[in-house]
There are 2 protein chains.
Amino acid sequence: MNTLAEENYLKSIYHLSISADNVSTNQIAAALNTKASSVTDMLKKLAEKALINYTRYQGVNLTPSGEKIAINIIRKHRLWEYFLVEKLNFKWDQVHDMAEEMEHISSAELIDRLDEFMGHPRHDPHGDPIPDSEGRFKTAELKPVSALMVNQCGIISGVRDHTSPFLQYLEKQQLTIGKKITITDIIEYDHSVALKTDTEKEVHISREVANNLLIAL
Amino acid sequence: MNTLAEENYLKSIYHLSISADNVSTNQIAAALNTKASSVTDMLKKLAEKALINYTRYQGVNLTPSGEKIAINIIRKHRLWEYFLVEKLNFKWDQVHDMAEEMEHISSAELIDRLDEFMGHPRHDPHGDPIPDSEGRFKTAELKPVSALMVNQCGIISGVRDHTSPFLQYLEKQQLTIGKKITITDIIEYDHSVALKTDTEKEVHISREVANNLLIAL
DNA sequence: TGCAAAATTTAGATTAGTCTAAATTTTTTA
DNA sequence: TAAAAAATTTAGACTAATCTAAATTTTGCA
């Protein structure tokens, strides 16, 4: 198997690959809170193991086997997050660090049984899709609230920012996964958005929040 | 916090301390499948951290803070084993290696909630007591079946051997935790034991099995 | 298009944990 | 009770992962 460090690199490369074809050394260093020189060393090792395609100075991308490993770690992370929230009653802003440790538990049998125990959930507490045991999953077409127009409505289905402060703020405003919202006004001046929930609650959110809150139409 | 290696050393020292006051370098090396020289190095580090009392050539024992850490790891191990058997339907002979990884998940809050989720179980699937969040637990006074006399009865409450083959054998003979048994005969020649379960099933076990099967009277 | 800035890699160290082989201490036993 | 055997420690080396500082390559913009 792979070391903990290797797994974390693969996971980071996977996440960074979403928005770019090739991932740079510095991007990885920033994501993992480490130095570029350390990243270079590890990239050589991962390339040696054929988990990434790496050309000096040109950035990297995952090979199919590297991607498979990355997706499996993400599957484990999201299933454990679901477990922590649904079974152990943690809040959605509390579970990330714990899942960060638990995602490295190796047994595939364990994770498949956990999946079954929870009824094969499709999404983690933040709305991110949970890959199945074959690594398959579909990313829903989500839009930020900031992309909607007045009177449009949709269901809160994901977040772009997974940090505690943001999640706690959403929780306080009752803007949680599954809630239906309707845009009531868009303030030209600062691009902030007024909206109401299905319980007729009126909420006013900043442009930044509207950008990080994702909607399924 | 402590590293994974440190935690494993403390746990091993704790387990070995049950049957001896001081634990030797070689005993630890055998338990951890490593070399005596590696153990010496680690003992110096643990002594430096005041987790063990160590005098060169004289073996070691845990300090109160070392013992506290060891018991906490054992608590986590046993709670996860219980989870795996009771919630994920693993057999009692399948869970050791998984729990060996899971015992290093650090969050105390997580383990306390897991404990609560499962209704504060007192014993793991092998009958071993689960320490509470303060590290308290009582070891029941258990006797090996080999210490009983004909017509004595008792409840199967623990095992001395935790290996898969032994546990699988017991399972096949329906000699599992909680079963009530009565000694029907003791064969002088080889010290093997005949017994019957509460379902009137007759079983004949070797001296070795009788030694490793523990009973509460 | 050529040079400065930014990004990346290399070189050389460091730390944790491990190992083998040699040296030392303790224990056993003749 | 002294030598042999066993246990333990020390010395020196190795691997994984990291770091800083210096060297190299790429990029971008004047």
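Convention: sequence-line order gives letters A, B, ...; per-chain numbering from 1.
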**Item:** Presence of B:Tyr54 side-chain N/O under 4.0 Å of D:dT9 phosphate oxygens OP1/OP2
**Value:** yes
**Asked** Tell me: CG of B:Leu46 to P of D:dT9, nearest whole Å?
**Response** 13 Å
**Message:** Nearest whole Å is fine: how far is D:dT26 P from A:Gln58 CD?
**Reply:** 6 Å
**Message:** Tell me the interatomic distance from B:Met42, atom CE, to D:dT9, atom P, rounded to whole angstroms.
**Reply:** 14 Å
**Request:** Sequence neighbours left out, what passes side-chain contact (heavy atoms from CB on, under 4.5 Å) with B:Ser65? Give chain and number order.
**Result:** B:Leu51, B:Thr63
**Asked** For DNA chain D, whose closest nucleotide is more 5', that of A:Arg56 or that of B:Asp41?
**Response** B:Asp41
**Request:** Give, ordered by number, those residues of residues 2-11 of chain B having at least one heavy-atom distance below 4.0 Å to an atom of DNA chain C; if nothing qualifies, reply none.
**Result:** B:Thr3, B:Ala5, B:Tyr9
**Request:** Might you confirm whether atom CG of A:Asp190 has over 12 heavy atoms from other residues, nucleotides or ligands at distances under 6.0 Å?
**Result:** yes
**Fill in**
Within residues 14-39 of chain A, the residues having a heavy atom closer than 4.0 Å to DNA chain C are A:Ser24, A:Thr25, A:Asn26, A:Ala36, A:Ser37
**Message:** For C:dT10 and A:Lys44 - does any side-chain N or O of the residue sit under 4.0 Å from the phosphate oxygens OP1/OP2?
**Reply:** yes
**Request:** Compute whether any side-chain donor of one residue and acceptor of the other, for B:Glu103 and B:Trp80, lie under 3.5 angstrom apart.
**Result:** no
**Message:** For residues 204-217 of chain B, which residue pairs pass the side chain to side chain donor-acceptor pair (under 3.5 Å) check, not counting sequence neighbours?
**Reply:** B:Ser146-B:Asn211, B:Ser192-B:His204
**Request:** For the residue pair A:Phe117 and A:Phe83, categorise the inter-ring angle as parallel (less than 30°), tilted (30 to 60°) or perpendicular (more than 60°).
**Result:** tilted
Would you be so kind as to tabulate the donor-acceptor pairs closer than 3.5 Å made by side chains of residues 34-41 of chain A, with sequence neighbours excluded?
unit_1  : atom_1 : unit_2  : atom_2 : d
A:Thr40 : OG1    : A:Ala36 : O      : 3.2

**Prompt:** Just how far, in rounded Å, is P of D:dT8 from OH of B:Tyr57?
**Reply:** 10 Å
**Request:** Determine the interplanar angle of the B:His126 and B:His162 rings, folded into 0 to 90°, and report it as parallel if under 30°, tilted if 30 to 60°, perpendicular if over 60°.
**Result:** perpendicular
**Asked** Pairs in or reaching into residues 114-124 of chain A: which pass side chain to side chain donor-acceptor pair (under 3.5 Å), with residues at least two apart or in two chains?
**Response** A:Arg75-A:Asp115, A:Asp115-A:His120
